[in-house]
Protein chains: 2
Amino acid sequence: MNNNINLEEYIANLCDKARDASYNLAQSSLTERNNALGMLADKLQNSDIINKIIEKNDIDVSHAKENGITDAMVDRLKLDEKRIKNIAGALMKIIALPDPLGKGDNWIRPNGLSIRRISVPLGVVGMIYESRPNVTVDAAALCIKSGNSVVLRGGKEAINSNLILADIIRQSVKEAGLDSDCVQIIDNITRESANVLMKQHGKIDVLIPRGNAPLINNVRENSRIPVIETGVGVCHIYVDYNADFDMAANIVVRSKARASVCNAVETVLISRGIYKEFLPVMKKRLDELNTEIRGCEKTLEILKDAVPATEEDYYTEYLDFILAVKVVADVHEAIAHINKYNTKHSEAIITNDMKNAKEFQSKVDAVAVYVNTSTRFTDGEEFGFGAEIGISTSKLHARGPVGLNELTTVKYLIDGDGQVR
Amino acid sequence: MNNNINLEEYIANLCDKARDASYNLAQSSLTERNNALGMLADKLQNSDIINKIIEKNDIDVSHAKENGITDAMVDRLKLDEKRIKNIAGALMKIIALPDPLGKGDNWIRPNGLSIRRISVPLGVVGMIYESRPNVTVDAAALCIKSGNSVVLRGGKEAINSNLILADIIRQSVKEAGLDSDCVQIIDNITRESANVLMKQHGKIDVLIPRGNAPLINNVRENSRIPVIETGVGVCHIYVDYNADFDMAANIVVRSKARASVCNAVETVLISRGIYKEFLPVMKKRLDELNTEIRGCEKTLEILKDAVPATEEDYYTEYLDFILAVKVVADVHEAIAHINKYNTKHSEAIITNDMKNAKEFQSKVDAVAVYVNTSTRFTDGEEFGFGAEIGISTSKLHARGPVGLNELTTVKYLIDGDGQVR
């Protein structure tokens with residue numbers, strides 16, 4: 001009880017600090033905000049600092065291995081020199097992006113009112129996320145660049161990595177002459193701390209959960225703050241009756257190769273007309289990745305070693321080297337299956353039938369619908385937008401990559417000389 | 001208990017029908033959607049139909065008067081021939097607006113991927129609203145035009161008006177050859193029916209509450225569906241030290257003249273330098289409206305008949321002919337007061353001091369910040385956008401007037417020829 005009161009005070013206090021700093025940040029210049037990111041990029045290329053980060057990350061990775069975490073999860077957690085330098089490289093790209101603030105348009109109404117519509121920061125962004133520690137830097141950098149404070153609540157498994165990264169970020173912000181309180185990190189990683197954070201209505205303007213389905217669902221059920229849902233991807237590839245086999249098998253394999261990301265493929269649907277011929281081709285390529293196949297009855301006819309798929313499998317985001325495979329009658333059954341089981345993220349059809357391609361793109365309900373290419377392209381960089389804080393599967397505000405522009409809102413400034421209505 | 005199960009089935013069933021119809025509507029042409037609205041406009045100009053609507057509205061108005069509702073509330077509820085024809089006129093304006101669907105841009109990535117970003121309907125919109133029955137038509141028309149189904153849950157006091165209007169809308173949709181199930185109305189007006197509606201995650205894509213503060217707060221606290229908050233406006237006018245008295249008094253009076261709307265002024269702040277001279281000028285004009293003044297101590301010095309204002313008054317959206325008045329030191333105190341008590345809706349400063357005007361617009365946190373004009377201009381038509389479903393005070397998705405474009409989301413269609421990552 002006493003602990004809970006302390007937790008509530010602790011988090012409310014962090015949020016108040018972030019709120020105060022957000023006013024400072026909203027008035028800052030692009031140069032100041034970019035300077036903060038530049039100092040951060042410098043530090044992340046300094047070998048002493050890199051070594052300190054790796055030291056802390058090693059602790060997290062050892063704990064994770066002791067706890068018997070999957071290889072895919074360890075891959076998400078791991079930082080090495082190359083990955084840290086990649087984070088610094090991502091910062092340089094964010095610096096190069098134009099200022100998302102103060103943009104807009106203006107017009108004059110027939111009664112002489114002058115209306116300006118300008119972009120302003122959201123205010124305070126709350127992030128609830130899981131193992132990947134690069135999210136700490138990416139999220140903070142995008143928030144700083146867009147004039148927002150951020151309250152970070154990462155996963156327990158990455159806590160040592162996240163704390164040192166947050167320290168380095170705050171130091172960089174301070175050295176740039178801005179209020180370092182714009183970056184707050186919660187070091188109490190319990191279910192309670194997430195729940196308390198979700199109740200900070202009026203202190204936090206938007207909550208962005210990034211992680212697996214139970215995390216996202218928990219935030220949606222319990223948040224009193226508007227939420228941008230990100231990250232859960234039960235993505236499908238449908239291989240149509242006249243697909244190019246080599247292309248299809250290559251797209252499937254490359255869409256699974258980084259199994260731990262949200263736009264990786266989880267289920268492959270195959271047209272009844274070709275499954276007998278296509279399955280062995282696909283299997284041969286998938287063996288490169290040592291992937292377990294969970295198949296429907298028809299799949300098991302051809303791939304004798306496959307595990308039988310359950311209804312549950314079709315709903316599952318494995319984030320691992322497991323692939324569900326189902327044979328369907330045609331494009332209509334594929335669309336129906338996808339709209340039932342998908343998380344509205346990224347879906348692909350491999351076909352040479354123009355009509356089927358068009359119908360698939362029109363009727364599949366998802367953020368991104370692909371023809372003859374991989375689901376893995378749903379990504380801010382790949383779309384040409386620059387860095388993103390996550391892929392939103394929400395329909396409101398931001399659908400798809402959430403970048404700098406999606407971290408702003410608008411304000412109307414209206415000038416008159418006595419007009420009334 | 002048994003009743004509750006029935007209520008849940010009843011509402012889930014309405015939502016399912018709306019969902020099914022939304023697929024039909026999403027594939028419809030602009031001509032079909034406009035035809036539905038044109039038929040509706042015709043009906044609302046037919047004197048037999050107008051008389052039937054007024055007959056039902058009379059029942060609602062009598063009930064309201066029996067229940068001792070305020071004059072301002074009766075004004076919101078009342079429909080007469082002129083108001084019904086105005087609704088029809090609003091429909092003609094919606095018909096004239098461009099199609100919000102299928103718009104977007106497209107580009108080609110260096111790897112050859114062709115990306116199209118197009119606007120698509122949100123799906124199913126849930127509306128929870130209060131007395132004004134014109135909202136039934138406005139909301140349904142904007143949803144139909146933007147390819148969305150709508151589930152309407154209006155107020156008990158307007159139920160007879162809303163039911164007949166919904167009937168007329170559904171008939172018009174049907175006559176245009178579209179699925180009339182795209183418009184659903186809940187006839188069980190209880191707190192439970194609102195609560196059940198708020199739990200329809202996956203069936204309803206966005207909930208738009210429109211009404212007073214308790215209604216909005218209830219939706220925010222209990223909804224499991226993303227919400228666009230609309231309508232609560234504790235709006236201020238700050239009269240600065242060198243304001244033009246006639247202009248200021250006129251703007252205050254005209255900002256109160258339609259007391260029942262969300263962009264009406266609720267509190268006037270007056271600079272300490274001028275309150276003794278300005279208050280009598282303002283009072284004389286306000287007497288035209290028979291407005292009760294609730295003032296701070298300094299206000300009471302000058303206006304002996306005014307009621308003392310309590311802390312509670314400054315938080316209150318009266319929606320009636322009551323005005324809170326407070327004397328403040330300067331623009332800084334005015335900004336601080338507004339940011340503490342406002343609902344982030346519409347705020348105005350009356351001044352000839354350019355620096356104060358700029359500071360007010362920059363630091364006041366609200367959708368619309370006005371200089372030398374009335375808060376009443378926060379309105380889709382007045383901004384030049386056309387009809388709106390409400391004024392959003394949310395920071396996400398839609399801030400300000402929520403019109404056709406805000407009732408859409410985006411979808412990415414990506415075409416490749418074997419690209420992988």
Side-chain angles (χ1 to χ4, degrees), chain A residues 23 27 107 109 111 113 115 117 122-123 201 205-206 220-221 224 226-228 244 246-247 250-251 253-255 257-258 357 361-363 365-374 376-379 382-384 394-400 409-421, chain B residues 23 27 107 109 111 113 115 117 122-123 201 205-206 220-221 224 226-228 244 246-247 250-251 253-255 257-258 357 361-363 365-374 376-379 382-384 394-400 409-421:
Chain A
Y23 296 126
Q27 310 283 334
W107 61 97
R109 295 292 300 152
N111 60 2
L113 282 186
I115 304 184
R117 172 167 47 191
L122 288 171
H201 179 82
D205 294 292
V206 60
R220 183 178 56 236
E221 288 299 311
R224 292 294 162 277
V227 172
I228 297 177
D244 178 309
D246 286 340
M247 182 200 285
N250 191 47
I251 288 173
V253 170
R254 301 294 307 159
S255 298
R258 195 164 183 203
Q361 285 192 317
S362 158
K363 294 197 176 162
D365 188 7
V367 170
V369 190
Y370 295 86
V371 173
N372 291 336
T373 181
S374 160
R376 289 276 287 111
F377 285 108
T378 306
D379 175 274
E382 295 294 335
F383 275 12
S394 298
K395 284 186 173 171
L396 294 192
H397 189 71
R399 199 182 196 206
T409 183
V410 296
K411 183 176 183 176
Y412 293 90
L413 307 180
I414 302 106
D415 298 314
D417 43 19
Q419 285 89 340
V420 292
R421 224 187 130 183
Chain B
Y23 296 127
Q27 311 282 334
W107 60 99
R109 295 291 302 153
N111 59 3
L113 282 186
I115 304 185
R117 171 167 49 191
L122 288 171
H201 181 82
D205 294 292
V206 60
R220 183 178 57 237
E221 287 301 310
R224 293 293 162 275
V227 172
I228 297 178
D244 178 310
D246 286 341
M247 182 199 283
N250 191 47
I251 288 174
V253 170
R254 300 294 306 162
S255 298
R258 194 162 184 203
Q361 284 191 319
S362 157
K363 294 196 174 162
D365 188 8
V367 170
V369 190
Y370 294 87
V371 174
N372 292 335
T373 182
S374 160
R376 291 274 287 108
F377 286 107
T378 307
D379 175 274
E382 295 295 335
F383 276 11
S394 297
K395 284 185 173 173
L396 293 193
H397 189 70
R399 197 183 197 204
T409 185
V410 296
K411 182 175 183 178
Y412 293 90
L413 306 181
I414 302 105
D415 298 314
D417 44 17
Q419 286 88 340
V420 293
R421 216 187 138 184

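Because the structure is a prediction, the values reported are computed rather than measured. Values reported hereafter were calculated over all heavy atoms of this structure, with side chains retained and with hydrogens, waters and symmetry mates removed. Quick note on labels: first sequence line is chain A, next is B, and so on, each numbered from 1.
- Note that the NZ atom of A:K411 and the CD atom of B:Q361 stand 8.0 Å from one another [nearest 0.5 Å].
- Neither the backbone nor the side chain of A:Y23 comes within contact range of chain B; no heavy atoms are under 4.5 Å apart.
- Residue A:R258: no heavy atom, backbone or side chain, is found under 4.5 Å from chain B.
- Closest approach of B:K395 and A:D205 over heavy atoms only: NZ-OD1, 3.4 Å.
- If you tally non-hydrogen atom pairs under 4.5 Å between each of B:D365, B:I115, B:I228 and chain A, the highest count goes to B:I115.
- Between chain A and the residues B:F383, B:Y370, B:W107, the most heavy-atom pairs under 4.5 angstrom are made by B:F383.
- Heavy atoms of A:A366 lying under 4.5 Å from chain B belong exclusively to its backbone.
- Between chain A and the options B:A257, B:S362, B:G400, B:A398, heavy-atom pairs under 4.5 Å are most frequent for B:S362.
- With a 4.5 angstrom heavy-atom cutoff, A:Q27 touches chain B only via side-chain atoms.
- Rounding to the nearest 0.5 angstrom, the gap separating the OG1 atom in B:T409 from the NE2 atom in A:H397 is 11.0 Å.
- Of the listed residues (B:N372, B:I414, B:L413, B:V253), the one with the most heavy-atom contacts under 4.5 Å to chain A is B:I414.
- Interface residue A:D379: only side-chain heavy atoms are found under 4.5 Å from chain B.
- Side-chain contact between B:L396 and A:L122 is present, with heavy atoms from C-beta onward closer than 4.5 Å.
- The residue among B:V410, B:V206, B:N250, B:V369 with the most heavy atom pairs within less than 4.5 Å of chain A is B:V369.
- Between the side chain of B:R421 and the backbone N or O of A:R376 there is at least one donor-acceptor pair closer than 3.5 Å.
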**OP:** In sequence, state the C-alpha distance, the side-chain angles, and the governing distance for B:L113 and A:F377, and then conclude on side chain to side chain contact (heavy atoms under 4.5 Å, CB included).
**Re:** CA-CA 9 Å; B:L113 282 186; A:F377 285 108; 3.5 Å; yes

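- Side-chain contact between A:T378 and B:Y412 is absent, with no heavy-atom pair separated by less than 4.5 Å.
- Looking at every heavy atom in both residues, A:E221 comes nearest to B:R224 through O-NE, 3.0 Å.
- Heavy atoms closer than 4.5 Å to chain B are found in the side chain of A:R109, but not in its backbone.
- The two atoms that bring A:Q419 and B:I251 nearest to each other are O-CG1, 4.3 Å, heavy atoms only.
- Neither the backbone nor the side chain of B:D244 comes within contact range of chain A; no heavy atoms are under 4.5 Å apart.
- The most heavy-atom pairs under 4.5 Å with chain B, out of A:A368, A:S374, A:S255, come from A:A368.
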